[in-house]
Amino acid sequence: MTVTSLGIPRRLLEFTIDGESVRAPEGATILDACRSAGKDVPTLCQGDTLTPKNACRVCVVEVEGARTLVPACSRKAEAGMEVRTDTERARHSRKVVLELLASSVDLSTTPEVAGWLKEYEAKPDRFGPDAARVDEQPRIDNDLYVRDYDKCILCYKCVDACGDQWQNTFAISVVGRGFDARIAVEHDGPLTDSACVYCGNCIEVCPTGALSFKSEFDMRAAGTWDESAQTETTTVCAYCGVGCNLTLHVQDNEIVKVTSPHDNPVTHGNLCIKGRFGYQHVQNRD
């Protein structure tokens with residue numbers, strides 16, 4: 001028999017979103033409530049296993065009485081609050097943010113962004129050909145994963161995952177200021193000379209593909225990466241007795257990458273180097 005721990009019931013708060021009365025448990029964010037109500041509020045930097053950083057500002061909404069637009073990913077819902085998600089002011093803000101991001105970095109592998117650019121009529125090209133871009137070549141200094149800072153939006157999710165929120169390795173930080181700010185390991189050197197333990201948890205939370213499996217990077221470069229042709233099978237890692245869940249992504253009868261379910265109480269999406277990268281022996285044909 002499975003026993004589920006329910007915990008202490010949370011008080012339900014009643015407020016309105018776009019004129020509709022909704023209820024959300026105390027402590028829920030506006031974004032949580034919007035998703036429960038079926039409201040589509042875009043976000044790039046929000047992660048379901050991390051504390052919100054309010055970095056991308058794509059999820060901003062209007063709240064009655066608030067002087068500025070508020071980030072839905074971190075603003076807690078309050079009883080009696082009046083939230084408006086689709087006002088001209090909120091849409092204009094999202095449009096400008098998306099234009100600035102898309103004009104400076106490569107968002108081609110960022111899920112849903114193409115649809116948002118169309119929905120908000122964002123035109124990154126309006127800044128002209130001289131708009132500053134990152135334009136940096138991918139860093140390939142190991143056989144496990146690739147750092148492509150040309151796709152980085154500085155959402156800080158990798159820093160948090162590597163730091164005190166999960167891994168506690170602290171191999172990743174932000175260096176530089178202004179447009180020159182970037183994610184880097186110590187002394188901005190090769191990954192192999194850093195404190196990185198290659199758990200790959202930074203890849204798990206990266207929203208844009210700035211961090212990716214070497215296998216995925218190579219297949220994309222060869223034009224063979226096809227998520228629509230991939231199947232996902234969740235199993236249990238056999239390396240130790242912790243019982244981490246692994247989700248195997250398989251294409252053409254080959255494992256192309258390994259992730260972990262974010263709702264799993266053991267892993268919460270996190271793995272070690274063995275669980276995330278040690279799958280080659282499974283498909284060794286020799």
Trainee: Are F213 and I255 linked, directly or through intermediate hydrophobic residues, by side-chain heavy-atom contacts shorter than 4.5 Å (ILVMFWY only)?
Mentor: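 In one cluster: no.
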Trainee: For the backbone of R89 and the side chain of S93, can you confirm whether one donor and one acceptor N or O come within less than 3.5 Å of each other?
Mentor: no
Trainee: Once you round to the nearest 0.5 Å, how far does OG of S21 lie from CZ of F15?
Mentor: 9.0 Å
Trainee: If you compare all heavy atoms of T267 against all heavy atoms of P261, which two are closest, and at what distance to 0.1 Å?
Mentor: OG1-O, 3.6 Å
Trainee: Identify the residue among T247, T259, N245 that makes a side chain to side chain donor-acceptor pair (under 3.5 Å) with T234.
Mentor: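 When T247, T259, N245 are each tested with T234, the side chain to side chain donor-acceptor pair (under 3.5 Å) holds only for T247.
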Trainee: Please examine the side chains of L13 and E78, heavy atoms only from C-beta on, and report whether any two atoms are closer than 4.5 Å.
Mentor: no
Trainee: So do R57 and P71 actually touch side chain to side chain, heavy atoms under 4.5 Å?
Mentor: yes
Trainee: Does any non-hydrogen side-chain atom of Q46 lie less than 4.5 Å from one of T29?
Mentor: no
Trainee: Quick one: are T233 and V250 in side-chain contact, heavy atoms under 4.5 Å?
Mentor: no
Trainee: State, to 0.1 Å, how close C56 and L44 come at their nearest heavy-atom pair, and which atoms those are.
Mentor: SG-N, 3.4 Å
Trainee: Would a distance-only check, ignoring hydrogens and angles, find a side-chain to backbone donor-acceptor pair under 3.5 Å from N264 to V266?
Mentor: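 Yes, the answer is positive, given that a donor and an acceptor are paired below the 3.5 Å cut-off.
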Trainee: Closest heavy-atom contact between L211 and C158?
Mentor: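 For L211 and C158, the tightest heavy-atom pair comes out as CD1-CB, 3.8 Å.
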Trainee: Looking only at non-hydrogen atoms, find the nearest pair between E14 and R23 and report the distance.
Mentor: OE1-NE, 3.7 Å
Trainee: Got a sec, which pairs hit ring-ring contact (aromatic ring centres under 6.0 Å, His included) with one end in residues 128-169, sequence neighbours left out?
Mentor: W166-H268
Trainee: Give me the atom names and distance for the closest heavy-atom approach of G275 to L246.
Mentor: O-CD2, 3.7 Å
Trainee: In Å, rounded to the nearest 0.5 Å, how long is the span from CG of L31 to NZ of K39?
Mentor: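 L31 atom CG to K39 atom NZ measures 13.5 Å (nearest 0.5 Å).
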Trainee: Which pairs with one or both residues in residues 264-276 pass salt bridge (Lys or Arg N to Asp or Glu O under 4.0 Å), sequence neighbours excluded?
Mentor: E204-R276
Trainee: Which atom names give the shortest non-hydrogen contact between S194 and L191, and what distance separates them?
Mentor: OG-O, 2.7 Å
Trainee: Between R147 and D141, is the closest basic N to carboxylate O distance under 4.0 Å?
Mentor: yes
Trainee: Taking it one step at a time, do E216 and H249 satisfy side-chain contact (heavy atoms from CB on, under 4.5 Å)?
Mentor: CA-CA 11 Å; E216 178 178 346; H249 299 251; over 6 Å; no
Trainee: Please check: side-chain N/O of S215 versus main-chain N/O of V256, any donor-acceptor pairing under 3.5 Å?
Mentor: yes
Trainee: Quick one: pull up SG in C196 and CG in N142 and give me the separation to the nearest 0.5 Å.
Mentor: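 Here the rounded value is 7.5 Å.
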Trainee: Just verifying a value: how many Å separate S212 OG and K151 NZ, rounded to the nearest 0.5 Å?
Mentor: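 Taking OG in S212 and NZ in K151, the distance rounds to 6.5 Å.
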Trainee: With a 4.5 Å cut-off on side-chain heavy atoms, are S260 and C244 touching?
Mentor: no
Trainee: Evaluate whether atom NE2 of H92 has more than 12 neighbouring non-hydrogen atoms of other residues, nucleotides or ligands under 6.0 angstrom away.
Mentor: no
Trainee: Report the C-alpha separation of K123 and E99 in whole Å, then their side-chain angles, then the decisive distance to 0.1 Å, and conclude whether the side-chain contact (heavy atoms from CB on, under 4.5 Å) test is met.
Mentor: CA-CA 6 Å; K123 297 178 174 59; E99 286 179 337; 3.9 Å; yes
Trainee: Is there a side-chain contact between V97 and L101, using heavy atoms and a 4.5 Å cut-off?
Mentor: yes
Trainee: Hey, is CG on D48 packed in by over 12 heavy atoms from elsewhere, all under 6.0 Å?
Mentor: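 Counting other residues, nucleotides and ligands, CG of D48 exceeds 12 neighbours.
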Trainee: Using side-chain contact (heavy atoms from CB on, under 4.5 Å), reason through V83 and V22 one step at a time and then give a plain yes or no.
Mentor: CA-CA 10 Å; V83 179; V22 298; over 6 Å; no
Trainee: Side chains of L144 and K214: does their closest heavy-atom pair fall under 4.5 Å?
Mentor: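 No, side chains not in contact.
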Trainee: Give, for atom CG of N201 and atom CD of Q165, the distance between the pair rounded to the nearest 0.5 Å.
Mentor: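 It comes to 12.0 Å.
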Trainee: I'd like to know if E62 pairs up with R94 as an ion pair, taking the criterion as any Lys NZ or Arg NE/NH1/NH2 lying under 4.0 Å from an Asp or Glu carboxylate oxygen.
Mentor: no
Trainee: Do the side chains of D160 and T51 get nearer than 4.5 Å, heavy atoms only?
Mentor: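 Side-chain contact under 4.5 Å: no.
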Trainee: Run F277 and L271 through side-chain contact (heavy atoms from CB on, under 4.5 Å) and show every step you take.
Mentor: CA-CA 9 Å; F277 296 109; L271 295 170; over 6 Å; no
Trainee: Begin from the C-alpha positions of T85 and D18 and carry the test side-chain hydrogen bond (donor to acceptor under 3.5 Å, both in side chains) through to its verdict.
Mentor: CA-CA 6 Å; T85 68; D18 296 334; 2.6 Å; yes
